[in-house]
Amino acid sequence: MVRAAASGDRDAFAALVRQNQSLVFGLAWNSLRNIAIAEELAQDVFLELYSALPDLESNAHVVNWLRRVTLHRCIDHVRRERNRPKVGLDEIAEPMAAENGSEGDADPFLSQRVRVLTASLPPRARAVLLLRYQEELDPPEIAEVLRIPVNTVKSQLHRSLALLRSKLQRTRVAT
Amino acid sequence: MTEREEEDLLRESLRRVQPPDGFADRVMARLPRQPWWSRILLPARRAAWAPALAILLVAFLGAGSWEYAQWRDRRLRAERAHEELVQALEITTEKVQETKARLFRPRPMRGIL
Amino acid sequence: MKYEIFAIATLITLACFGQQLDLSSLDKLAAKAKGSTVISLDPDKLALASSLVDDKDSKKLMNGIKGISVRSFEFAEKGAFSRGDLDPIRKQLTGAGWSRAISVKENDEDVEIYFYKSGTSGGLAIVSAEPKELTVVNIIGPADLSSLGKLSGLAGLDGVQGLIGGGSRKAPPAPAAPKSGSKDDEE
């Protein structure tokens, strides 16, 4: 499918988009917490993929490429906008929450807190956490996607989890 | 919460999310129109003369590709340096913020008596 | 060979600047750490990093930074390092131009922030020791330290302006170092 799409087969490219749209949109949405911006960013990533396809050999390459480019775009967006959501008990409203991943949560309130807190992490720490828990990658795989040392990944994960843990703990005490 | 429960919570909360309906169609609508020559060249991939043309093009582009490789190498080094810079600033900011939190934490009033 | 001579000359030049700390004595701790971050950005690497920055103000700020070094180690157990491991660093921080601006000691956790000022040269050092984590940061330049606060915006984070100064909130005067045995000090 990758080769067909690379040689201009638009149906093949559309199938690639459908196959990977939840990965790309998921990373963007979990990073940025704004549906419109997440969709625009996700669309831009696929448009860039269309140009980059000739350099990609397999589906695995495509998936890694999508992860890398999506997260770098999210990181760049956050740095440009300097718009990290503030952590607090007043939640950011989630439009279309039911259609965007919160159905089926065992504890929707707690899950939403986790998402908001994740989106408030520094951009790169956020990227590491999403690759670990959305994409279920190991630290060496995360290091390869983000092109950073494995030890950096491990220490980022450790710090982020400690921070989330303490903030979730405060939430439980407050409620 | 056990570590296992914590991991499960994170996986559940941060799982992949489908975009709004029609996303793929919107992407396809934004793709550039296929240039007219692609209708000639794409079938040409299967033509006998295509490999010879490819070799000529590679020879012609050879010089340009060396410069591109140099540019790409510099770009990769710049990206790594940029990542390290950001990480250094993140660590610095984290330590300063922790210090601020400790300095400005409300202290219990000491009793007069 | 030419490159090696250039690299050594660069290091010697940098070492002549008092605001550049030698953190190599900490490198042995990496073997004991479960996670370590070692960053050494010299002027060349900073120039490369700056080439990716679009914002003109940030680029200008980055031109004022001559070097950044970070050593950060996380350990699985307490006691993996001793306070004595920081002595070579602290000794350098008693040199001319350095002054300790902030010292916070709480339970087993110490954080000290030092500033360097000599003529138009500036620098910053942070020494943070927790039971399972040791972090030292050294930034050479900018001469105007409030620029550091603005630069942290490059990382998309809240600035350090409130603490270092130059931001919208005035930094409080540096507290006196607490007397030994007392946890809290009133301002």
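Protein chains get the first letters and strands the later ones, always in sequence-line order, with residue 1 at the start of each.
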Name all residues meeting the side chain to side chain donor-acceptor pair (under 3.5 Å) criterion together with B:Glu7; count only those two or more places apart in sequence or in a different chain, and write none if there are none. A:Tyr133, B:Arg11

For each of C:Ile39, C:Val70, C:Val111, tally heavy-atom pairs with chain B at distances under 4.5 Å, and name the one with the top tally. C:Ile39

C:Phe73 ring center near C:Phe81 ring center (under 6.0 Å): no

Is it the case that atom CZ in B:Arg4 sees more than 12 heavy atoms from other parts of the structure closer than 6.0 Å? no

Portion of C:Glu112 that has a non-hydrogen atom of chain B nearer than 4.5 angstrom: neither

Taking only residues two or more places apart in sequence, or in another chain, which ones meet B:Arg74 in a side chain to side chain donor-acceptor pair (under 3.5 Å)? none

Test item: side-chain donor near acceptor, C:Thr135 and C:Ser128, under 3.5 Å: no

If I measure from the heavy atoms of chain C, does B:Glu79 come under 4.5 Å with its side chain, its backbone, both, or neither? both

In terms of heavy-atom pairs under 4.5 Å with chain B, which of C:Ile68, C:Ile126, C:Leu41 leads? C:Leu41

In terms of heavy-atom proximity below 4.5 Å to chain B, should C:Thr37 be classed as side chain, backbone, both, or neither? side chain

